[in-house]
There are 2 protein chains.
Amino acid sequence: MSTDGCCTALIRKLQHFEKPSDEDKELLANSVARTVELIAGSDIIEQGDKPDHVHLLVEGWAGRYKILPNGRRNIMAYLIPGDLCDVNVALLEEMDHSIGALSGCKVALIPIATIRNLMDQNRTLARALWWGTLVDEAVLREWLVTVGSRPALQRVGHLICEMLIRTEAVGLARGNSFDLPLTQQELADTMGMSLVHMNRTLQGLRSRELITTNGHTVTVENPRALMKFAAFDPLYLHQQAHKFRSLMQAVA
Amino acid sequence: MSTDGCCTALIRKLQHFEKPSDEDKELLANSVARTVELIAGSDIIEQGDKPDHVHLLVEGWAGRYKILPNGRRNIMAYLIPGDLCDVNVALLEEMDHSIGALSGCKVALIPIATIRNLMDQNRTLARALWWGTLVDEAVLREWLVTVGSRPALQRVGHLICEMLIRTEAVGLARGNSFDLPLTQQELADTMGMSLVHMNRTLQGLRSRELITTNGHTVTVENPRALMKFAAFDPLYLHQQAHKFRSLMQAVA
DNA sequence: CGCTTAGTTGACTCTTCTCAAAAGCAGTGG
DNA sequence: CCACTGCTTTTGAGAAGAGTCAACTAAGCG
């Protein structure tokens, strides 16, 4: 049973929308054809591909990215366990961007036909998966605001707030800490800033005692303080408020 | 028949994906319950709303936006005739952003139940509308890249390329010209830059003879030159290539 | 013609980028 | 165990891009 547990993160995420029944969970678990392991830096899907499987990220972090003609790489989204990489591209002629493994990753493959059947036959799951794509879009909008309008310190602070909540939603956070398996270069490519400036911005957040880091583990000692600092409003993540109330009140 | 012609732009847009039959067109046209006119500056939907109609923009430009606590407004998307404002929010608890009329607008209201029936009963239209939302998302990703990684001149140039193609796709361009009913302040709020810098950037594009403006009409004398300058690749708009080949070859 | 809004300009400040080099850290082979 | 290598993080310093403030011009409107 190499596909055991592939869907725990996904199921955990979907619960923030609507609790799936045991039957739903089983359906999901059975839909995984096989799993693949990738090393950091390899591509899960490349621009121009027309995948015949939907990719579900089971372990590790991945990112949507594009490379500009001037050589600059831009990361447009982070994918963490429980995220589907490409439910949405079944319709489009080809991928207009690539998805790369940012850390070592484990990916579950679900045949498109299986997903389609599943969504036809199961109203709850169909709505839950649909909800997931809408949240992805809302996150994208928020990132656009972040990159366009927030100063560097708030920009990075906002991202850290988001990833703390998202990792917590799939059971990957430990208290106020989570693993951020990215280099500063990758963070810079995400937030549209230079490596040097990202480095200094992180130092700024540390010196303000808003975050602490230990290797690639980030700890937010006082989530409320960071959220206030970064003007972070979790509405756009569309999780039920009570799910992360604990975080909001951590140092109430 | 006040709703006559409400759907021409939408139908024209969908043709870039798959040609709807006459019957499909009629179904769409009949789904409009009523139309509303709005003046520039008024909101079509506000953050927190849970609309019971889907809004189809028939005339004018609108924009998705958020206001940050520091008072900065950020425009995250432009909506032009043929664009649906909120197919996607039927599932979410509430709007996480507002949509405002950037110019005088005419909006058609389609009851959610009608849209739902229509998508259940008509495979072609369902897929076409679904395609529309995927393109919206692709545009959002491209804007994130633009704001994050392109220098000011390319940033604005890229936006103008996009809007030329999008207006052409719904029959609103005349040759290489289109009406851009926005103030420089609104453009600045879109691209994440200051009003003054937007003004100078537009001057830069004009002095490089990449665009000319006359009131709110923008003319791209040489689309290929501007596309090259702005590193614009229309792939992300997911229109069939032949639809805008004319533009690409304008001064071949 | 006066009023209001939008576009333009100049001067100055501050953020952010670039270049360049040093320091830290993990893996490899001798 | 240590030197070596490659990658990531950190630092310094000058240059360029972008923001702010404030004033002035242009255009639309009653």
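Just so it is clear: chains get the letters A, B, ... in the order the sequence lines come, proteins before strands, and each one is counted from 1.
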All heavy atoms of Ile99(B) vs all of Leu79(B), minimum pair found to be CG2-CD1, 3.7 Å

When you check the side-chain N and O atoms of Asn74(B) and Ser149(A), is any donor under 3.5 Å from an acceptor?
yes

NE2 of His197(A) versus P of dC17(C): gap in Å, rounded?
5 Å

Heavy atom of residues 183-190 of chain A under 4.0 Å from DNA chain D: which residues?
Thr183(A), Gln184(A)

Shortest non-hydrogen pair, Val220(A) vs Leu226(A), comes out as CG1-CD2, 3.7 Å

OG/Ser207(A) to CZ/Arg200(A) distance, rounded to the nearest 0.5 angstrom?
13.0 Å

Separation of atom CE in Met198(A) from atom C1' in dT16(C), rounded to whole Å:
12 Å

Just the rounded figure in Å: distance from C1' of dG19(D) to CE of Met191(B).
17 Å

State whether the distance check finds a donor on one side and an acceptor on the other, under 3.5 Å, for side chain Arg200(A) versus base dG12(D).
yes

Anything under 30° is parallel, anything over 60° is perpendicular, the rest tilted; go ahead and classify Tyr78(B) against Trp143(B).
perpendicular

Nearest of dT16(C), dA11(C), dT9(D) to any side-chain atom of Asn199(A)?
dT9(D)

So with a 6.0 Å cut-off around CD of Gln203(B), is the heavy-atom count from everything else above 12?
yes

Checking all strands, does Arg206(A) fall into the base, sugar-phosphate, or nothing category for heavy-atom contacts under 4.0 angstrom?
sugar-phosphate

Ignoring backbone atoms, establish whether Gln203(B) has a side-chain N or O less than 4.0 Å from OP1 or OP2 of dG7(C).
no

Protein-nucleotide distance (Leu182(A), atom CG; dT8(D), atom P), rounded to Å
12 Å

Whole-Å distance, Arg155(A) CZ to dA18(D) C1', equals 12 Å

Of all the nucleotides listed (dT8(C), dA18(D), dC21(D)), which has the minimum atom distance to the side chain of Val196(B)?
dC21(D)

So, is His216(A) near the phosphate of dT9(D), with a side-chain N or O under 4.0 Å from OP1 or OP2?
yes

Using the rule side-chain hydrogen bond (donor to acceptor under 3.5 Å, both in side chains), only one of Thr201(B), Thr212(B), Thr213(B) pairs with Arg206(B); which is it?
Thr213(B)

To the nearest Å, give me how far apart CZ (Arg72(A)) and P (dT16(C)) are.
13 Å

Remember a base hit wins even if backbone is also touched, and classify Gly215(A) as base, sugar-phosphate or nothing at under 4.0 Å, heavy atoms.
nothing

Asn214(B) CG to dG7(C) C1', straight-line distance once rounded to whole Å:
15 Å

